[in-house]
Amino acid sequence: MAASTIRFTLPDGKVLELARGSTALDLAAVIGPRLAKAALAAVIDGQTVGLMEPLEEGGAVRILTEKDAAALPVLRHSAAHVLATAVRELRPRAGIGFGPAIEDGFYYDFDVAEPFTPEDLAAFEAKMAEVVAKDMPFGRRRVDKAEARALFADDPLKLERLEEFSDDEVITVYQNGPFLDLCKGPHVPSTGRLKHFKLLSAAGAYWRGDHRRQMLQRIYGTAFHTKAELDEHLHRLEEARRRDHRRLGRELDLFQFFPVSPGAAFWTPRGTTLYNTLEAFVRERQRDAFLEVKTPLLYTKALWEQSGHWGKYRENMFLVLDNESGEHDMSLKPMNCPSHHLYYASATHSYRELPVRYATLDVLHRNEVSGALSGLTRVRQFAQDDCHVYLREDQIADEVKFLMDFILGHYETFGLKSSLKFATRPEQRIGSDEQWDRAENALRAALEATGRAYEVQAGDGAFYGPKIDFHVTDSIGRHWQLGTIQLDYMAPERFELEYVGEDNAPHRPVVIHRAVCGSFERFIAILIEHFAGAFPTWLAPEQVRVLPVSEKWTASGAELVAQLRAASIRAELVDRETLPYRIREAETLKLPYMAIVGEREAGDGTVAVRKRGAEKKQEVMSRDAFVATLLEEIRTRSLG
RNA sequence: GCCGGCGUAGCUCAGCUGGUAGAGCAGCUGAUUUGUAAUCAGCAGGUCCGGGGUUCGAGUCCCCGCGCCGGCUCCA
């Protein structure tokens, strides 16, 4: 007994009533002709729908125009179809895989005999422009499975997906001009809405991400509503290339790689200073509340069997030949947890001493597949700022609060904005529901206590416990997952960890895994890109470069260097070449300070200070004042 | 690991369809002694990633390695 009309509530609270079967476009037209023209899609009760779909139900409705962020994925998804349309015109035999919108654009996977070349991409892009010019409507149709099978008889990949639908599921197809796709939509009304797009790259991609399946050719592209937004995005990509830590690592002489040790960095003197400075910072922050331990790098398999790594993680471990046994039954450590557990278990612990926190900055090795290696962000050898906390269950809330403050404080030092993800119990898990309830509640309470927003990732926790992941956003808006707080109920069981409780009986502690930087290597890569190589003074490998105007003033410059070094400031004297040459060189190296000494300064014991970014607005000050300024800047780890 | 691209001087890059390897910067030497983003001149510097092969002749073509780069479900 369906009513003949359906009701829509607009964002301003106004209610509109339309005939059942009306479309969102009809609705937009009622609101106003300009809105109808600008409309790209609609959201009804949180569900994005196309403008042309006949609606059976009303609800809270919002018409999406290009001003609305939710419209962009719709545009991009349509762009993927336009790409496929173009590819099919030029390569009629290309099989089609999936073509979704993704965070910064879209892709489409094709099954073709020959991989695409850059020239192919240019041709596809030109053909896309033709498809756009034809302004083909995106037609949507509901089909049953048998009909769909017939429609996609020549598209094996689509057929495979089709067979996964249950018989009563709604299957929809979209067609624009000659191109038909199995697709849940929605799409913009027609191809003409796509104006500002660009194909970016092509690469191989396994069908359904499965390395046992065939390799398809994926084309990545992006699309925006306006040219300005597209240009800005392309500019951001360019900026990211400019800041690439691999490039800056060479230009600023921080680290290098040699083929004889793939995935392991050589740190240069400057890079080592940077690394050590960061490490010293971490140590200083951990001094009071953490117990740093150093543990062996190499272990027999007995430890890994106990921890479970030998069974589950061996592929990623570097196995080492034991000459006596003739077997590869030793391994470099890929993680610190087992050795920490071993140490914890080596003594009796009172409930009074918990929580106890073991921290280790040792080098770890993980045998990543060769194709995964990339600069400092994916390496085989790295050091974690690792820590394992052993605590009573009733201490979880306080401890998580403590660790969160600790981690967030670290990121703030670098001006990295952070966001939090709360990952809850996965399907595959160990431990009782009561334990999970307690653990999740404790983590949630700690999150709430910070007053910060967090995102829940239901089912994304580790199999041994829920976790909080820390993501940071760098200065050009890119996201990185860094720190983590993970509750672990399994390790205490495997290692039979205990503490003696108030009742004089043994109890099982809980373990928390904590990392802040993640790995020093990756964190430094992020810092290089975040600061574009212009490190804050406290981190900069060379903090001051002293430049005598000519060799006549070298002695005076050397005195200043000695004074700076006596104050533990990293200073170098450079007196060759002309002054402009050296200034340019120091600018290129992005040094925080140049200290210039000539006749005037040598005469009255001053220094002309040129601060990075201030260009010619230098300041002449007494040398003591300069030292004091620097020391204060370094002490406070100023970002200015 | 798999697909594709790339690998020429310390760095950035030229080197056409196979015919004796080049530039700029950096380095060295000399002149210049310099006041805020490159002073001038000269010199030196290369198993063209490694190994095979085709060819009268290979940086260039083919094969095999190595390394690097882009990617390898953000699910119709």
Side-chain angles (χ1 to χ4, degrees), chain A residues 73 76-77 80-81 96-109 112 114-118 120 143 148 152 155 157-165 169-174 181-185 200-220 241 244 246-247 250-251 253 256-263 315 367-375 378 547-554 575-589 594-602 608-612 614-618 620:
Chain A
R76 287 169 172 171
H77 187 190
H81 279 227
I96 48 174
F98 295 162
I102 55 174
E103 189 177 331
D104 279 323
F106 62 89
Y107 68 78
Y108 212 111
D109 287 342
V112 284
E114 294 289 316
F116 299 125
T117 64
D120 291 332
V143 294
F152 295 100
D155 287 304
L157 303 180
K158 293 291 175 187
L159 286 178
E160 180 180 328
R161 174 68 186 93
L162 201 52
E163 291 314 314
E164 291 165 11
F165 286 105
E169 227 166 320
V170 173
I171 301 173
T172 57
V173 297
Y174 277 81
D181 201 354
L182 178 69
C183 176
K184 71 179 168 200
L200 297 171
S201 61
Y206 296 106
W207 170 233
R208 313 210 93 172
D210 185 340
H211 67 272
R212 291 162 306 199
R213 306 295 304 269
Q214 75 227 74
M215 172 104 17
L216 306 178
Q217 294 302 319
R218 173 170 300 179
I219 297 178
Y220 284 95
R241 273 190 285 276
D244 191 311
R246 292 166 299 195
R247 173 192 175 128
R250 189 172 49 243
E251 288 175 2
D253 191 21
Q256 49 189 312
F257 286 88
F258 293 96
V260 291
S261 190
E315 294 239 310
N367 197 354
E368 304 283 350
V369 296
S370 58
L373 301 179
S374 177
R378 277 299 283 282
L547 306 176
V549 169
S550 79
E551 283 171 21
K552 281 184 218 159
W553 318 109
T554 293
D575 64 348
R576 52 190 193 83
E577 291 287 351
T578 62
L579 184 62
Y581 180 94
R582 285 174 282 152
I583 287 173
R584 180 184 150 80
E585 184 180 51
E587 290 283 353
T588 307
L589 287 170
M594 286 176 243
I596 297 164
V597 177
E599 186 174 8
R600 297 194 293 268
E601 294 78 13
V609 176
R610 180 170 161 140
K611 188 174 181 173
R612 182 180 58 210
E615 301 200 5
K616 292 185 185 177
K617 280 173 279 169
Q618 65 178 353
V620 178

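Residue numbering restarts at 1 for every chain, and letters A, B, ... go by the order of the sequence lines.
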Exam field: side chain [X] to backbone [Y], donor-acceptor pair closer than 3.5 Å:
X	Y	result
A/Arg246	A/Ser374	no
A/Lys611	A/Gln618	no
A/Asp120	A/Thr117	yes
A/Arg582	A/Pro548	yes

Cationic tip of A/Arg218 within the cone over A/Tyr107's six-membered ring, i.e. under 6.0 Å and within 45° of the normal?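 Yes; both conditions hold, so A/Arg218 lies above the ring face of A/Tyr107.
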
Does A/Glu160 CD have over 12 foreign heavy atoms under 6.0 Å away?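 Yes, the 6.0 Å shell around CD holds more than 12 heavy atoms from other groups.
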
Quick one: [X] [atom1] to [N] [atom2], roughly how many Å, whole number?
X	N	atom1	atom2	value
A/Glu251	B/A26	CD	P	15 Å
A/Asp244	B/C68	CG	P	14 Å
A/Phe258	B/G50	CZ	P	17 Å

Mind checking the [atom1] distance from [N] to [M]? Whole angstroms is fine.
N	M	atom1	answer
B/G70	B/G51	C1'	27 Å
B/G24	B/G67	C1'	27 Å
B/G18	B/G53	C1'	15 Å
B/G7	B/U60	C1'	14 Å
B/A9	B/C63	P	24 Å
B/A14	B/C72	P	28 Å
B/G46	B/G10	P	8 Å

Partner residues of [X] under the side chain to side chain donor-acceptor pair (under 3.5 Å) criterion, sequence neighbours left out:
X	answer
A/Gln214	A/Asp111
A/Gln256	none
A/Glu315	none

Whether each nucleotide of nucleotides 34-40 of chain B has a protein heavy atom under 4.0 Å at its base (B), only at its sugar-phosphate (S) or at neither (-) is summarised, 5' to 3', as SBBBBB-

Given protein heavy atoms under 4.0 Å, the one-letter contact record of nucleotides 1-6 of chain B, with B base, S sugar-phosphate only and - none, is simply BBBS--

Can you give me the closest heavy-atom contact between A/Phe152 and A/Asp181, atom names plus distance?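 Scanning both residues completely, I find the closest heavy atoms to be CZ-C, 3.4 Å.
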
Please give me the minimum heavy-atom distance between A/Met594 and A/Leu547, naming the atom from each residue.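 Scanning both residues completely, I find the closest heavy atoms to be SD-CD1, 3.8 Å.
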
Measuring to OP1 and OP2 of B/C72, would you say a side-chain N or O of A/Arg212 lies under 4.0 angstrom away?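 Answer is no, no contact under 4.0 Å.
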
Base partner of [N], which must satisfy Watson-Crick or wobble distances under 3.5 Å:
N	answer
B/G1	B/C72
B/C16	none
B/C25	B/G10
B/C48	none

Look at all strands and tell whether [X] reaches a base, only sugar-phosphate, or nothing, counting heavy atoms closer than 4.0 Å.
X	answer
A/Thr117	nothing
A/Leu547	nothing
A/Phe165	base
A/Arg218	sugar-phosphate
A/Gly97	nothing

Provide a list of protein-nucleic acid N or O atom pairs under 3.5 angstrom, restricted to nucleotides 7-14 of chain B.
from, atom 1, to, atom 2, distance (Å)
B/C11, O3', A/Arg250, NE, 3.3
B/U12, OP1, A/Arg250, NE, 3.2
B/U12, OP1, A/Arg250, NH2, 3.0

How long is the span from the CZ atom in A/Arg208 to the CZ atom in A/Arg161, to the nearest 0.5 Å?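 Going from CZ on A/Arg208 over to CZ on A/Arg161, the span is 6.0 Å.
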
